[in-house]
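Numbering of ligands and ligand atoms starts at 1, following listing order. Heavy-atom basis, side chains included; hydrogens, waters and symmetry copies ignored. Just so it is clear, the model here is predicted, and its values are computed rather than measured.
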Amino acid sequence: MKNTFHFDTQIIGIIGHPIKHSYSPFIHNVAIQLKKIDYVYLPFDIPSSNLKSALKGMTALGIKGFNVTIPHKETVIQYMNSVSEEVSMIGSVNTIVNDQEGLIGHNTDAYGILETLLPFKDDILGNQVCIIGAGGSARAVIYTLIRHFRPKKLFIVNRNERRAENLKDYFSEKMKFPSIKTKELIPPAAFEVMRDSKLVINATPVGMYPNQNDSITTLPDVFSKDQIVFDLIYNPQKTLLIQTAIKSGAKTINGFDVLINQAAKSFELWTGVDFPKEEVQKSLQLYLNN
Ligand code: NAP
């Protein structure tokens with residue numbers, strides 16, 4: 001990858017710890033080159049003890065924007081001058097824009113999830129949806145589903161059911177959505193919920209590289225051809241869960257689309273330039289295949 005930097009080259013990047021496995025530098029630098037804009041996207045490995053000073057540095061150095069990843073997505077909020085509606089509901093930031101108004105926190109994961117699920121809107125409306133997980137991405141999924149799809153019933157299935165109940169209390173109150181139920185992630189009850197849901201979403205890291213042999217379920221009879229199974233994991237793209245769903249004839253969606261869609265929104269927030277989605281998608285796919 002060739003880059004020529006000038007005095008007015010704008011810096012954007014990602015902060016997290018660890019940061020080594022992120023695809024974001026690849027994605028954004030490919031988009032920058034395709035759009036021929038004077039930006040560079042850099043990874044910054046920032047442990048929690050350095051978060052506050054890193055954000056002061058961001059302002060002092062005039063860094064245009066950051067993506068934020070584990071473990072800073074929640075803790076970074078206290079340092080923002082303002083946050084978007086999504087952030088105030090979800091409680092986590094994955095994108096910071098640094099402009100005249102200071103540091104503004106956004107959550108483009110919610111947008112990425114929305115764009116990815118929009119083609120399935122008719123399937124979701126009036127049906128039951130099951131979300132496995134109760135962490136940060138489950139919050140973004142729940143917010144997006146309630147805000148844009150209003151399913152008939154939302155089931156939060158989690159290993160720690162107390163955490164699922166906390167999410168239920170939070171969203172039913174904050175978004176005035178009473179149709180949330182919870183279940184502990186243990187068979188057979190959890191599988192019954194998955195079986196009865198039109199859309200099943202995995203929002204846990206179970207099945208993610210390097211533990212790709214783990215799965216929430218490998219039972220072939222949990223899914224059927226009328227269902228949609230969405231795994232937020234993008235590495236590997238065919239998790240065991242997705243493979244099980246394919247064998248059952250269900251429609252499947254993986255985290256790759258969310259990854260690209262959230263990146264597109266962040267890129268547009270920082271640069272004001274359209275993100276070249278299809279070309280970046282192809283480049284990333286080639287990069288991953290190698
Ligand atoms: P998180 O906040 O740490 O939450 C993790 C959730 O997974 C918790 O509910 C946890 O359950 C559950 N969990 C963890 N290990 C488990 C296990 N062995 N068995 C059962 N449940 C387990 O993580 P997150 O930020 O939500 O991320 C979750 C996944 O989404 C990750 O794989 C991440 O890569 C993916 N993601 C993808 C995108 C994308 O662009 N495609 C964007 C965001 C996230 P407990 O509450 O019981 O601990």
Chemist: Verify the contact flag for atom 34 (O) of ligand 1, where contact means a protein heavy atom under 4.0 Å away.
Modeler: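 Flag for atom 34 (O) of ligand 1 set to true, protein heavy atom closer than 4.0 Å.
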Chemist: Please confirm whether Ala134 approaches ligand 1 to less than 4.0 Å, judged on its heavy atoms.
Modeler: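 For ligand 1, residue contact (heavy atoms, under 4.0 Å) with Ala134 is present.
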Chemist: How does Thr204 reach ligand 1, by side chain, by backbone, by both or by neither, if only non-hydrogen atoms under 4.0 Å count?
Modeler: both
Chemist: Consider only side-chain N and O atoms of Asn107 and Ser84, and report whether a donor and an acceptor are under 3.5 Å apart.
Modeler: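 Ser84 and Asn107 do not have a side-chain donor-acceptor pair below 3.5 Å.
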Chemist: In this structure, is the centre-to-centre distance between the rings of Phe120 and Phe230 below 6.0 Å?
Modeler: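 Phe230 vs Phe120: aromatic centres not under 6.0 Å.
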Chemist: Fit a plane to each ring of Phe44 and Phe66, take the angle between them on a 0 to 90° scale, and name the class: parallel (under 30°), tilted (30 to 60°) or perpendicular (over 60°).
Modeler: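 The arrangement is perpendicular - the two ring planes meet at more than 60°.
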Chemist: Ignoring hydrogens and angles, tell me if any N or O in the side chain of Gln227 forms a donor-acceptor pair with the backbone of Ser224 under 3.5 Å.
Modeler: yes
Chemist: What heavy-atom pair brings Ile131 and Ala138 nearest, and what distance separates the two atoms?
Modeler: CG2-CB, 4.1 Å
Chemist: If we set the cut-off at 4.0 Å for heavy atoms, which region of Ala140 has an atom near ligand 1: side chain, backbone, both, or neither?
Modeler: neither
Chemist: What is the closest protein heavy atom to atom 37 (C) of ligand 1, and at what distance does it sit?
Modeler: Leu232 O, 3.2 Å
Chemist: To which protein heavy atom is atom 2 (O) of ligand 1 closest, and what is the distance rounded to 0.1 Å?
Modeler: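 Sorting protein heavy atoms by distance from atom 2 (O) of ligand 1 puts Gly136 N, 2.9 Å first.
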Chemist: Do any N or O atoms from the side chain of Asn254 and from the backbone of Asp231 form a donor-acceptor pair under 3.5 angstrom?
Modeler: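 No: the side chain of Asn254 does not pair with the backbone of Asp231.
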Chemist: Name the option, out of Glu161, Arg159, Lys73, Arg163, that contains the heavy atom nearest to atom 8 (C) of ligand 1.
Modeler: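 It is Arg163 whose heavy atom sits nearest to atom 8 (C) of ligand 1.
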Chemist: Under a 4.0 angstrom heavy-atom cut-off, which atoms of ligand 1 come close to Val206?
Modeler: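 Per the distance check, 16 (C), 17 (C), 18 (N), 19 (N), 20 (C), 22 (C).
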Chemist: So is there a nitrogen or oxygen of Phe256 less than 3.5 Å from a nitrogen or oxygen in ligand 1?
Modeler: no
Chemist: Would you call the rings of Tyr234 and Tyr23 parallel, tilted or perpendicular if under 30° counts as parallel and over 60° as perpendicular?
Modeler: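 Tilted, since the angle between the ring planes falls between 30° and 60°.
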Chemist: Taking atom types as modelled, is there a side-chain donor on Glu74 or Ser92 under 3.5 Å from an acceptor on the other?
Modeler: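 Not at all, the side chains of Glu74 and Ser92 share no donor-acceptor pair under 3.5 Å.
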Chemist: What atoms of ligand 1 come within less than 4.0 Å of a heavy atom belonging to Gly133?
Modeler: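 Contacts of ligand 1 toward Gly133, numbered from 1: 9 (O).
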Chemist: What residue among Ile12, Asp38, Thr271 forms side-chain contact (heavy atoms from CB on, under 4.5 Å) with Ile32?
Modeler: Ile12
Chemist: What residue and heavy atom of the protein are closest to atom 4 (O) of ligand 1, and at what distance?
Modeler: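 The answer is Gly135 CA, 3.4 Å.
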Chemist: Could you check which of Pro205, Ser137, Ala138 puts a non-hydrogen atom nearest to atom 14 (C) of ligand 1?
Modeler: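 Residue with the shortest heavy-atom distance to the ligand atom: Pro205.
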Chemist: Any nitrogen or oxygen of Asn160, main chain or side chain, under 3.5 Å from a nitrogen or oxygen of ligand 1?
Modeler: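 By distance alone, the answer is yes.
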Chemist: What protein heavy atom sits nearest atom 42 (C) of ligand 1, and how far off is it?
Modeler: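 The protein heavy atom lying closest is Asp109 OD1, 4.0 Å.
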Chemist: Should one rank Asn202, Asn158, Leu185 by closest heavy-atom distance to atom 45 (P) of ligand 1, which comes out on top?
Modeler: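 When every heavy atom of Asn202, Asn158, Leu185 is considered, Asn158 comes closest to atom 45 (P) of ligand 1.
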Chemist: Could you list the atoms of ligand 1 found under 4.0 angstrom from a heavy atom of Ile233?
Modeler: 32 (O)
Chemist: Side chain of His106, backbone of Lys265: donor and acceptor closer than 3.5 Å?
Modeler: no
